[in-house]
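Chain naming here is simple, since letters A, B, ... match the order of the sequence lines and numbering starts at 1 in each. When reading the values below, keep in mind they use all heavy atoms of this one structure, side chains included, and skip hydrogens, waters and symmetry mates. Predicted model only: the values in this text are computed from it and were never measured.
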There are 2 protein chains.
Amino acid sequence: MYNGTFEPAAESKPIRDVAYERLKHAIITGELPAGSRIVETVYAEQLHISRTPLREALRKLERDGLVEYVLRHGVVVRAFTVADIEEIFTIRNAMMMLILPSVIERVSDKDIAELRVLLSEMDVAQKEEDCDALASFNRAFHSKIEHLTDKKRILRVIDDQEEYITRFSAVTIASIVRRSKAHQEHHEMVDLLEKRDLDGLEKLMSHHLDESKMTCLAAVANRK
Amino acid sequence: MYNGTFEPAAESKPIRDVAYERLKHAIITGELPAGSRIVETVYAEQLHISRTPLREALRKLERDGLVEYVLRHGVVVRAFTVADIEEIFTIRNAMMMLILPSVIERVSDKDIAELRVLLSEMDVAQKEEDCDALASFNRAFHSKIEHLTDKKRILRVIDDQEEYITRFSAVTIASIVRRSKAHQEHHEMVDLLEKRDLDGLEKLMSHHLDESKMTCLAAVANRK
DNA sequence: TTATTCAGGATTGGATACATTGTACAATTT
DNA sequence: AAATTGTACAATGTATCCAATCCTGAATAA
């Protein structure tokens with residue numbers, strides 16, 4: 001009888017997925033700015049992999065719309081215009097309204113308790129003005145709420161769109177005024193969730209996303 | 001002086017894209033039913049290509065959500081549940097409402113004339129009960145209207161969702177009652193477009209998509 | 001009979017080699 | 001000098017090769 005421990009069975013992701021995530025992260029954070037050309041041989045070498053898995057990763061990024069494939073020229077990181085940001089938030093807002101009923105319906109007291117824990121961590125980050133921490137907490141907070149839905153496909157659309165704007169989240173959070181207001185709204189959201197107040201949550205969330213969009217647009221416009 | 005004709009410069013797509021489209025088509029039409037395993041060597045041979053481009057095509061399908069990747073087992077065609085169809089139509093409807101204002105704003109008399117040409121072709125197909133032709137005309141009709149918008153990202157979401165339900169369009173059109181009603185509504189849509197009646201178009205489109213959803217759901221439920 | 005082991009084939013993961021295409025720039029021609 | 005051609009280099013497109021893993025099923029042991 002085998003009495004040892006089970007090895008995690010080398011549940012390693014394929015290397016192509018590692019490459020995919022690394023590249024995606026680089027694009028989203030702006031490390032790879034729009035217009036950058038991704039030359040296969042260069043990045044294969046840099047990631048210490050061969051071209052085959054790297055190319056598979058590029059094909060995924062292509063379908064994500066993060067890079068553009070130019071016939072026989074390879075891929076180039078795509079640019080984001082103000083119109084893009086506008087649309088992304090529009091989509092996100094509309095999709096959010098579609099899932100909120102199911103979120104209210106499915107949220108448990110345990111979920112709310114967990115959200116409150118997150119909020120208290122965010123309180124600290126807010127007080128200490130730790131924008132990096134706040135950015136990732138924000139994302140976790142919204143993600144947690146969204147994932148309460150059972151509408152997998154709508155959720156996927158939201159997730160996709162959010163990925164696009166992650167690259168701007170740092171910029172958005174830099175605004176002190178908005179940061180404090182948003183933080184307050186996050187608290188209100190959990191209160192409304194606890195009360196199962198769909199109407200109130202819809203209004204607040206819609207407002208919250210609109211404000212976020214405005215700040216984002218302003219920040220991006222300023223940067224130019 | 002060169003006086004001949006210009007060759008189309010062999011603007012051939014990469015083989016991986018051909019493979020991608022072929023496989024996508026096979027999945028969408030149901031030729032490759034849900035649950036089918038796609039073995040790389042088998043399909044590479046069948047398409048007379050090597051595994052490399054085929055794998056790139058599979059990675060695209062993976063991001064499309066049409067196939068599922070199982071660790072070290074390759075890809076399997078994903079199944080569609082009733083809930084999926086429900087969500088797909090919900091997304092499509094919501095996104096449609098978001099672009100209609102821009103559609104009304106941008107539609108030209110030339111566009112309307114072209115839509116009427118399409119409609120007259122659809123009249124014939126409708127009269128002759130040529131469901132295949134009607135299915136592709138339907139798609140072309142809706143596609144033409146949607147593409148009048150300048151909201152590229154929202155359009156992309158719509159297109160993505162529509163791709164998913166293409167596999168059911170034949171089923172939907174099979175319903176004689178719905179077919180005739182839908183055909184009539186298509187005529188009304190162009191009338192409303194011509195009048196630039198946003199309100200009317202929103203109502204009609206929303207109703208149209210709802211009816212389409214119902215028929216689709218009924219057809220799929222029956223098939224089991 | 002039933003459980004187990006182990007060999008062999010099948011399949012995916014990844015790397016490498018070769019082919020094709022495109023680009024840059026120098027050489028040449030007008 | 002301007003335009004054109006040619007050539008070398010660089011990058012992508014595709015095929016093939018090898019390794020690692022998984023599955024199957026026969027052979028064997030309990």
| Contact residues, residues 57-68 of chain B to DNA chain D [heavy atom, < 4.0 Å] | none
What N/O pairs connect the protein and nucleotides 8-12 of chain D at under 3.5 Å? Give each pair on its own line.
from    : atom 1 : to       : atom 2 : distance (Å)
dA11(D) : O3'    : Arg37(A) : NH2    : 3.4
dT12(D) : OP2    : Glu40(A) : N      : 3.1

| Rounded distance (nearest 0.5 Å) linking atom CD1 of Ile27(A) with atom NE2 of His25(A) | 11.5 Å
| request: Quick one: pull up NE2 in His147(B) and CD1 in Ile145(B) and give me the separation to the nearest 0.5 Å. | output: 12.5 Å
| Whole-Å distance between dG13(D) P and Leu54(B) CG? | 16 Å
| field | Separation of dG13(D) P from Glu56(B) CD (nearest whole Å) | value | 8 Å
| Counting only N and O atoms by type, is there a donor-acceptor contact under 3.5 Å from the side chain of Ser169(A) to the main-chain atoms of Thr166(A)? | yes
| field | Result of checking Val76(B), Ile38(B), Leu23(B), Leu32(B) against Val67(B) for side-chain contact (heavy atoms from CB on, under 4.5 Å) | value | Ile38(B)
| task | Determine the interplanar angle of the His186(B) and Phe141(B) rings, folded into 0 to 90°, and report it as parallel if under 30°, tilted if 30 to 60°, perpendicular if over 60°. | result | tilted
| field | Length of the line joining Ile49(A):CD1 and dA15(C):P, which is rounded to integer Å | value | 7 Å
| remark: note: His48(A), atom NE2; dT16(C), atom P; distance rounded to Å ~ 13 Å
| Step by step, would you call Arg59(A) with Glu56(A) a salt bridge (Lys or Arg N to Asp or Glu O under 4.0 Å)? | CA-CA 5 Å; Arg59(A) 297 292 92 76; Glu56(A) 294 184 85; over 6 Å; no
| Taking only N and O in the side chain of Ser50(B), is any of them less than 4.0 Å away from OP1 or OP2 of dT14(D)? | no
| Are Ser108(B) and Asp111(B) linked by a side-chain donor-acceptor pair shorter than 3.5 Å? | yes
| note | Distance col, row Ile88(A):CD1 vs Asp84(A):CG, nearest 0.5 angstrom, shows 5.5 Å
